[in-house]
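Remember, predicted model here, so these are calculated numbers, not experimental data. Because only heavy atoms are used, hydrogens play no part in the values below, and waters and symmetry mates are left out as well, while side chains stay in.
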Amino acid sequence: MKRKEGFVLRKMPGMNLVMPIGENIKAYKGSLILNDTGVFIYEKLCEGKSSEEIAISLTEKYDVTQEEAMKDVEATCADLLEAGVVE
């Protein structure tokens with residue numbers, strides 16, 4: 001899974017948004033709001049990390065089990081796919 005071109009992550013006080021840019025603005029109405037964990041996962045996807053690698057990174061950053069981390073990665077990836085910002 002990788003990030004589609006034409007989207008940018010904007011971090012603002014109290015809010016993290018994945019927003020369309022350029023020609024994508026016409027096709028995508030609005031933005032995707034991510035919590036801090038979602039941003040972490042999105043950034044790792046942008047780096048080309050696999051779901052398994054991201055889950056391991058989550059266990060190192062947060063106090064979660066591998067199973068919990070993998071569920072978070074899968075749920076976030078599903079949301080990102082549905083929103084059309086990754087493929």
query = How many angstroms lie between CD1 in Ile21 and CD in Glu5, if you round to the nearest 0.5 Å?
reply = 8.0 Å
query = In Å and rounded to the nearest 0.5 Å, what is the CD to OG1 distance from Glu67 to Thr59?
reply = 13.0 Å
Note, Ile56 side chain near Gln66 side chain (heavy atom, < 4.5 Å) = yes
message = More than 12 heavy atoms of other residues, nucleotides or ligands under 6.0 Å from NZ of Lys4: yes or no?
response = yes
ask   = Is Leu32 reachable from Val39 through a run of I, L, V, M, F, W or Y residues, each pair having side-chain heavy atoms under 4.5 Å apart?
value = yes
inquiry  = Would you compute the distance between atom OH of Tyr62 and atom CZ of Phe40 and round it to the nearest 0.5 angstrom?
reply    = 6.5 Å
Closest heavy-atom pair and its distance - Ile25, Pro20 = CG1-O, 3.5 Å
key: Heavy-atom check, side chain of Arg3 versus side chain of Tyr42, under 4.5 Å   = yes
note = In Lys49, Glu43, Glu47, Met1, the residue satisfying side chain to side chain contact (heavy atoms under 4.5 Å, CB included) with Ile54 is Lys49
note = Residues Met15 and Ile33: closest non-hydrogen pair is CG-CG2, 4.5 Å
Val85 reachable from Leu81 in the ILVMFWY side-chain graph, under 4.5 Å edges = yes
key: Straight-line distance of Met19 CE to Asn24 CG, nearest 0.5 Å   = 12.0 Å
query = Taking side chain as C-beta onward, heavy atoms only, is Lys11 less than 4.5 Å from Asn16?
reply = yes
Note, Ile41 side chain near Leu34 side chain (heavy atom, < 4.5 Å) = no
query = Looking at side-chain heavy atoms only, is the closest gap between Cys77 and Val86 below 4.5 Å?
reply = no
Thr76 and Thr37, any side-chain heavy atoms less than 4.5 Å apart = no
inquiry  = For Glu82, I'd like to know if atom CD has over 12 heavy atoms of other residues, nucleotides or ligands within 6.0 Å.
reply    = no
Validation row: Ser51, Met70 side chains within 4.5 angstrom (heavy atoms) = yes
